[in-house]
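Report on the following structure.
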Amino acid sequence: MSSPMLQVVGLSCERDDHDIFHNLSFSLQSGEILQIDGPNGAGKTSLIRILSGLLQSSEGGVYWQGEDIAEDRSAYNKAMLYLGHCTGINPSLTPLENLQWLAAIHTHLDSTLIPSALKSVALEGYEDVPCHQLSAGQNRRVSLARLYMSCATFWLLDEPFTAIDRQGVGMLESQMQRHASRGGCVILTTHHVLPESMCRRTLSLRGNGSYVIN
Amino acid sequence: MSSPMLQVVGLSCERDDHDIFHNLSFSLQSGEILQIDGPNGAGKTSLIRILSGLLQSSEGGVYWQGEDIAEDRSAYNKAMLYLGHCTGINPSLTPLENLQWLAAIHTHLDSTLIPSALKSVALEGYEDVPCHQLSAGQNRRVSLARLYMSCATFWLLDEPFTAIDRQGVGMLESQMQRHASRGGCVILTTHHVLPESMCRRTLSLRGNGSYVIN
Amino acid sequence: MYRELRLAARRIFDWLNPLVFFLLVVCLFPLAVSPEPALLGKIAPGIVWVAALLATLLGMDGLFRSDFEDGSLEQIIVGSQPIALLISAKVLSYWLLTGLPLTLLAPLLALMLSLPVGSYEVLCLSLLIGTPSLCLIGAIGAALVVGLRRGGVLLVLLVLPLYIPILIFGSGAVTASLQGMEATGQLAILGAFLALALPLAPIATAAALRISING
Amino acid sequence: MYRELRLAARRIFDWLNPLVFFLLVVCLFPLAVSPEPALLGKIAPGIVWVAALLATLLGMDGLFRSDFEDGSLEQIIVGSQPIALLISAKVLSYWLLTGLPLTLLAPLLALMLSLPVGSYEVLCLSLLIGTPSLCLIGAIGAALVVGLRRGGVLLVLLVLPLYIPILIFGSGAVTASLQGMEATGQLAILGAFLALALPLAPIATAAALRISING
Amino acid sequence: MYFSSFSDFIHMGGHGLYVWSSYGIAMLVVLWNVVIPLLKRGTVLASLRQRLIRERSHESQA
Amino acid sequence: MVKVVANAKALKKQKMPQWFYQLGSPRWFYELSGKWLPWLGGSAALLLTIGLVWALLFAPADYQQGNSFRIIYLHVPSAFLAQSVYLLMAIAGAIGLIWKMKVAEVVAKCAAPIGASYAFLALVTGAIWGKPTWGAWWVWDARLTSMLILLFLYLGVIALNSAIGDRQMAAKASAILAIVGVINLPIIKYSVDWWNTLHQPASFTLTEKPAMPAEMWVPLLLMVLGFYALFTWTLLTRCRTEILERERRAGWVCDLLSNSQIK
Ligand code: HEM
Ligand SMILES: Nc1ncnc2c1ncn2[C@@H]1O[C@H](COP(=O)(O)OP(=O)(O)OP(=O)(O)O)[C@@H](O)[C@H]1O
Ligand SMILES: Nc1ncnc2c1ncn2[C@@H]1O[C@H](COP(=O)(O)OP(=O)(O)OP(=O)(O)O)[C@@H](O)[C@H]1O
Ligand SMILES: [Mg+2]
Ligand SMILES: [Mg+2]
């Protein structure tokens, strides 16, 4: 068996008083999709933020290709695409400018692909409209256009389908599958029921500190 | 046939240069649920905001029990519950305080029902936690607790299921149905597929200015 | 109103902040200008008034911003209470948390700027009548810029010209008493401003808010 | 950097705003204090410097706030560019839009405050060296308060004490030249501050941002 | 003993008001530094105990 | 592979001596400070009582300033304390940032309000003393200004600490502020010294004998020592409460709490 891409060892998260989750361990191979699932407030976002390195876990570690991400961020940051609850889209800039800026700070984003990426998320013709004039879903789409211009191995997506219409959801799902089949790996949280055709594992947070993986 | 509760006549919305929708008319009877549907950027939010009176339409009018809402806001405001993309929840206040404040500015909200409403949205035990410490879905739930403490006839909900888990979605759907069966009416936008059991009409915005009602 | 005060009380330091700002700005002048008591005493009324004005203006920017961002403002507009009333409550609580403590702190600063003791009374009185007008007028500006990015700077631009008459009469009152003259005239004018702003400003603010929300 | 400038250029008035604030604050003083040229000339260096300081501070609050709210800051932190470098670019563009125009405008204001002509050069020079330090130090404060409600007022409290040495030497330089003395000493110290802040402040800012995001 | 009478001691050669008000304020500051930590310790201990009891009873129920 | 990384981490930690990490253990700190507390409290009470009686009753008046001179016995100790507490706070903050030591975070947080209270006392006693001596409550003198700024720095740290909800974030943020502020302290002191001065020069230095007669400076020394002892007592008491609150879920705290003897 090849060594895992991502390894999570004994992760605990504590916020204020209570444990969100405790001693969570799993690993992810190349080509896998992991859906994090659970009721509201179960700790999905907290887990994603710990995996991205934005939040510190109270215990345990996250290892990317064997390296602790807390020790060496730069290799990890080059290989990871993170998309959080907030989109990272500046409302005064246009979609084009926003993506250019994102490409400038992330080496894994290729700015020459921006026009085709915008086309893929059905935003052709909106390149030059300031984002505050776009609808909620269109704003999310600008952010999601990154999935079409990235060569990062590891995608970390927190509720990517928020505000996206049904057709858009289907399109994103197939993009994730394509990424996995190319050897990438994906972790996403969502309350949507993913289609059966999408082969994946699920990590269900229970909301009482325990979890199930299958 | 009884006269309709809400009547929309020849509504047009124009943003910047282009028509979002044009000459839209429909009416809503007591006991009806209307789902507004359509791809991202079709104008669902714009329509909802016009119906709430927050946005001005470029043409046409909205009539509540025969009265133009632009003429007399106060009767309409007393009968309407509006829930937008933004939740109206102040992050520094607790769920309890937030709902108390909302009850103070809306006569149709009954502040004595706050505890039971919070229980209904599964936020028991979070009454005294400042909202910025709650998860995305929990914050939406605070705002949705209003549906359990309101005697407004007309609910106007823009993507109420955002960030809500599957169980919560089911619960909200049944609450809307209960409201309709009690003689209220509901307009909501959502990308979710509502269950067959929920009898409703749909207004599909096409995104090119045209629309279909059935 | 209750919510406003509660919101402020949530962070006990919130209402200390404008005070500290006031104090700090006043302290900047002796450092920057000169520490001579004679010169300081002469420019003291102007400095205290300018500092009070800036302290009021500083937090004004946030008066409606957070309500705008979290959607509370939409709720106020679709709510069944008169908007102007809610605004008055908001402005009042803002004043209670800035203008009033500022007025109470003024004698201490006057002391530090070696203002002669006889003028303290007029200084406090002028601030007491003047700062509510500042808050009321500032609210109109805050409502106009609430939806804009970097509204803060624009707000200053909109509001400062309106503040100038209040500033002139406010510091004028203190300067007059410093020179042994009666300050009643200036104080009366300040009172007239307040009497005018009290009923009218909330209405203007409400109209401005409606416009800002129509975005 | 490019994005920053573009963002600012989007609203052409944005970069006029600190200027107008600067102008207005400076104009408040003759109104509030007294229009006598002799008195004004004496207090002019202090007033110009205090106004410049406040103008810099005013927009500082928003330096990272919008990036924080829309998630850009998270992207910067998970990005592959050095954070301190991006921050330096941001501060530089902020300075280009506030500090630099301020410096260019200063002679005009000095004229309005009847500052003797001989001191113009030193005034501009001191602002030119001093304002970048103000921006760099302010950025640390802005990063610390970015996640907080009403951070703006807290920012002032955190940053003003750190500004005081710069203020003293900046206005000291002008006052010295006003009295016919050499101002090289003060200017050299201002330069030393800048040399210290230039490499260190972005690092502290980066650390502060990481902490603020960990919420 | 430096002072010859009690009233001398109070009067402090004309500086009584200054000296005594300083000592008074100092007393307040010192008291604040003694009393507040003790009070806080008391309330924190009480609330922590309460918590512990509550949690224990929860556990025994479960 | 994971183990190797963990070992490397452990190795890194070994660089500091053992006691350093022991001090970092909240439990150890709690128990040790519990033993010191009565001694500190006792010596503070003793020193302050003797110092106070001596200062008020036995010390001679200054030949120039008369009895207003007695304010020195409050003013100088509080001024000293205010400055050293800031330094302590910044150092503790830095230790907390670099070595992630919990106890250091606690110390930094608890020192701030105490330091601010002494800065306040120094300012007020100085102002009161200024009236009979200089004829004004306040002058814009170097020392006075730097003390005022010190008070503001304290207030900034306290305000930041209280504005951030999350404890660890608050500790780290205020540590950064405190450290940046400490660079500012000597700058302020020298810049304003050079700028404008009226205040007395140092009367105590390590190398020279004080210029005052012994019956004046001995009580001053007692007061200074007494203030320091009192400060340490306050600091430890505050820290112990804070530690209990932070570690409330640790086993030893639960044991301690269920042991009803502890008050
Ligand atoms: C608000 C007013 C005042 C403030 C803020 C203030 C501040 C200070 C400070 C910070 C120190 C400590 C200096 C050091 O660490 O070296 C100090 C020491 C001292 N102050 Fe003041 N002071 C004030 C007024 C006065 C007045 C009016 C007098 C008497 C005329 C005075 C006499 C002294 C003396 C004798 C020392 C001891 C100097 C030494 O041993 O270093 N102070 N003061
Ligand atoms: N403030 C605005 N100024 C100008 N145009 C706008 C503004 N807001 C939205 N639009 C445009 O109006 C159209 C409809 O937007 P709206 O927000 O109503 O869409 P929506 O149906 O709610 O979409 P979504 O499903 O993404 O929420 C979009 O094409 C958008 O670009
Ligand atoms: N900043 C915070 N401080 C303290 N507690 C927090 C904070 N943010 C979240 N929490 C708590 O942590 C728990 C998990 O929150 P999280 O946001 O990870 O949930 P989630 O699984 O993403 O939920 P959702 O489905 O609603 O997005 C919640 O119970 C919440 O109350
Ligand atoms: Mg979440
Ligand atoms: Mg929408």
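Per chain, numbering begins at 1; letters A, B, ... match sequence-line order.
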>> As an exercise, state the distance from CZ of C:Phe29 to CH2 of D:Trp49, rounded to the nearest 0.5 Å.
In response: 14.0 Å

> So which part of C:Ile43 gets closer than 4.5 Å to some heavy atom of chain D, the side chain, the backbone, both or neither?
Replying inline: both

> Any residues in residues 166-189 of chain C near chain D, with a heavy-atom distance under 4.5 Å, and which are they?
Replying inline: C:Leu167, C:Ile168, C:Ser171

>> Quick check on C:Leu23 against chain D: is it the side chain, the backbone, both or neither that has a heavy atom closer than 4.5 Å?
In response: neither

> Are the side chains of C:Leu31 and D:Val50 in touch, meaning some heavy atoms are under 4.5 Å apart?
Replying inline: no

> So which of D:Ala44, D:Cys27, D:Gly46 has the largest heavy-atom pair count under 4.5 angstrom toward chain C?
Replying inline: D:Gly46

> So which heavy atom on C:Val25 is nearest to which on D:Leu54, and how close?
Replying inline: CG2-CD2, 4.3 Å

>> As an exercise, state the distance from CZ of C:Arg65 to CZ of D:Arg65, rounded to the nearest 0.5 Å.
In response: 3.5 Å

>> With a 4.5 Å cut-off on side-chain heavy atoms, are D:Leu157 and C:Phe21 touching?
In response: no

